[in-house]
Structure formats: C-alpha cells, structure tokens
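Quick note on labels: first sequence line is chain A, next is B, and so on, each numbered from 1. Values below: all heavy atoms of this structure, side chains included; hydrogens, waters and symmetry mates excluded.
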Amino acid sequence: MDENTFTENFNNQGWPSKTFLCYMVERLDDENTATPLDEYKGFVRNKGRDQPGEPCHAELYFLGQIRSWNLDRNQHYRLTCFISWTPCYNCAQKLTTFLKENHHISLHIFASRIYTVDDSGSRQSGLCALQAAGARITIMTSKDFERCWVTFVDHKEKPFQPWEGLEVKSKKLCEELQAILRAQQN
DNA sequence: ATTTTCAAT
C-alpha cells in the first residue's frame, strides 16, 4: 500500500470512514518456529456505500481470502492482521465462527483504533467472543505500526516516522480495550 | 473527560 493510505488510515489520531486490513500468514512447526508464507500476504479495504453493490466490511473480504487458500488442516498457521478499526459485532461473530471451525488457524489482531459503533445493542461482546475463541486482540503500539509499515507499505527505504501523540493514544486505547475484554468475561 | 467511527445529516 502506498504511504498516504497507511498514514490516512492507521494514524491513531484520525477518524477515517473506511477500514483497511493488512494480513500475513506464517506456518508454525512443532517447535513453534514461524515460517512466513509471503504468497498469502496482502491487504483489503471495505466497500463503502459510495461504491456500487452491497457495502461490505473489510473483514469479510479477508475471510473470503483465507477460505480461498484452503490451508492444509494438518498444519498449523498463524494469521496476523493489522486493521485500522476493530471489527464490528457482526464481523467479530463471523471471525469467531471461522476460528471455531478451523482449529489449525490462529489469529492475531492488531488494531489501530477501537470501533465503538453499537450495531446490535450488544456493546463490544463480539470482541469478547472472538477472544474467547482464541484470537489475540491488541491495540497497535509504536512497534506494531512500524512492523506494519515495514511489511506492507511501499516505504521506499524510508524508516517509519511515528506521529505526535502516537504513544499516548495507543496506551489509552489499550486500557479501553482491556476494560472491554475484561468486562464481559463474567 | 471528551468522542467523529467499515457514513450520511
């Protein structure tokens, strides 16, 4: 992805009305050593209401990609994704179902910001269910932004440049997410 | 202490 797309969408101070999701896959061997599978690396974005056809959240395109790979059920894989907004309730549900049906796949989600539109009256229970199904969900820290930059951005050899307030915002969101994930456990 | 959110008033 180009530099501007990254900055516009992943800057944790912003509020873009679209979502990008970068994904990468690693195969894990018996010693838990990870081998990157670069052929499955990429990113998707949602389809908005301004575009033709039915709107679609980024996560559903992501799920479509994963299914199309038909990853070997006798192996174990780790999917890592960097997403600019945390999944909404419905997407979280779909990811949860997917993980329950695909025990050979682990999911790590690094999110830039917390999406708090309450689209089902259920608050953030979708994220809790997703975590309960084995996903790891965390807020992107400076290190994660840098990894995303290095891995997915056409950075032209430029190093990642943190923006003003990145750390403070990240810490704050992290606390919020912890509260969300903790609150619904009982 | 806050609140703009995969839009739409």
Side-chain angles (χ1 to χ4, degrees), chain A residues 1-25 40-68 79-99 107-131 133 135-142 144-145 147-149 151-153 162-184:
Chain A
M1 88 172 41
D2 67 55
E3 209 177 307
N4 285 339
T5 305
F6 173 81
T7 309
E8 277 171 27
N9 289 282
F10 282 91
N11 186 315
N12 60 9
Q13 313 270 349
W15 297 90
S17 295
K18 55 193 169 182
T19 298
F20 276 77
L21 186 159
C22 304
Y23 55 85
M24 55 184 284
V25 185
Y40 300 132
K41 197 177 83 169
F43 68 93
V44 290
R45 68 151 291 179
N46 72 296
K47 184 149 71 72
R49 316 223 164 200
D50 51 338
Q51 291 157 285
E54 286 295 304
C56 180
H57 278 189
E59 293 88 334
L60 304 184
Y61 289 121
F62 175 49
L63 274 175
Q65 293 278 4
I66 302 169
R67 290 188 212 273
S68 75
L79 267 52
T80 301
C81 64
F82 300 95
I83 187 167
S84 56
W85 289 109
T86 52
C88 74
Y89 179 78
N90 283 321
C91 290
Q93 290 281 329
K94 292 215 161 64
L95 289 167
T96 301
T97 303
F98 177 82
L99 289 182
L107 181 63
H108 284 202
I109 296 175
F110 297 91
S112 174
R113 298 170 302 262
I114 301 174
Y115 186 74
T116 54
V117 169
D118 186 3
D119 57 352
S120 67
S122 56
R123 306 267 155 198
Q124 298 285 326
S125 61
L127 292 181
C128 296
L130 185 52
Q131 187 187 50
R136 294 202 191 159
I137 312 167
T138 58
I139 295 298
M140 288 171 79
T141 62
S142 182
D144 301 321
F145 285 116
R147 183 145 86 106
C148 187
W149 169 270
T151 311
F152 295 99
V153 179
W163 47 85
E164 187 115 2
L166 183 157
E167 292 284 355
V168 173
K169 185 76 176 187
S170 171
K171 284 199 178 106
K172 197 163 144 193
L173 289 171
C174 186
E175 283 168 19
E176 274 180 45
L177 183 64
Q178 294 309 319
I180 288 166
L181 294 176
R182 203 168 39 231
Q184 311 255 346

Does dC6(B) have OP1 or OP2 sitting under 4.0 Å from an N or O in the side chain of Asn90(A)?
no
Which of parallel (below 30°), tilted (30 to 60°) and perpendicular (above 60°) describes Phe110(A) and His108(A)?
perpendicular
Rounded to whole Å, the CZ-P distance (Phe43(A) to dC6(B)) equals 19 Å
For Phe152(A), all residues meeting ring pair (Phe, Tyr, Trp, His ring centres under 6.0 Å), sequence neighbours excluded
none
Integer-rounded Å distance: dC6(B) P and Phe10(A) CZ:
15 Å
Nearest whole Å is fine: how far is dT3(B) C1' from Tyr115(A) OH?
14 Å
Over how many whole Å does the gap from Glu54(A) atom CD to dC6(B) atom P extend?
17 Å
Distance between the P atoms of dA1(B) and dT5(B), in whole angstroms?
22 Å
Could you give the distance from OG (Ser112(A)) to CG (Asn12(A)), rounded to the nearest 0.5 Å?
5.0 Å
Can you tell me how far P of dA8(B) sits from CG of Asn46(A), to the nearest Å?
11 Å
Check: residues 91-98 of chain A side-chain donor-acceptor pairs under 3.5 Å, at least two apart:
| from | atom 1 | to | atom 2 | distance (Å) |
| --- | --- | --- | --- | --- |
| Gln93(A) | NE2 | Tyr89(A) | OH | 3.1 |
| Thr96(A) | OG1 | Ala92(A) | O | 2.7 |
| Thr96(A) | OG1 | Leu130(A) | N | 3.4 |
| Thr97(A) | OG1 | Gln93(A) | O | 3.0 |

Between Lys47(A) and Gly14(A), which is nearer to the 5' end of DNA chain B once each is assigned its nearest nucleotide?
Gly14(A)
Value in whole Å for how far the P atom of dA1(B) lies from CD of Glu175(A)
15 Å
Is there a donor on the side chain of Ser17(A) or the base of dT5(B) sitting less than 3.5 Å from an acceptor on the other?
no
Have a look at Thr86(A) and say if it touches a base, only the backbone sugar-phosphate, or nothing, with a 4.0 Å heavy-atom cut-off.
base
Just the rounded figure in Å: distance from P of dT3(B) to CD1 of Ile114(A).
15 Å
With the side chain of Thr116(A) defined as its heavy atoms from C-beta on, choose the nearest nucleotide among dC6(B), dT5(B), dA7(B).
dT5(B)
What's the spacing between Ser170(A) OG and Gln13(A) CD if we round to 0.5 Å?
10.5 Å
Presence of Arg45(A) side-chain N/O under 4.0 Å of dC6(B) phosphate oxygens OP1/OP2:
no
Starting from P on dA7(B), measure out to CZ on Arg49(A) and report it in whole angstrom.
5 Å
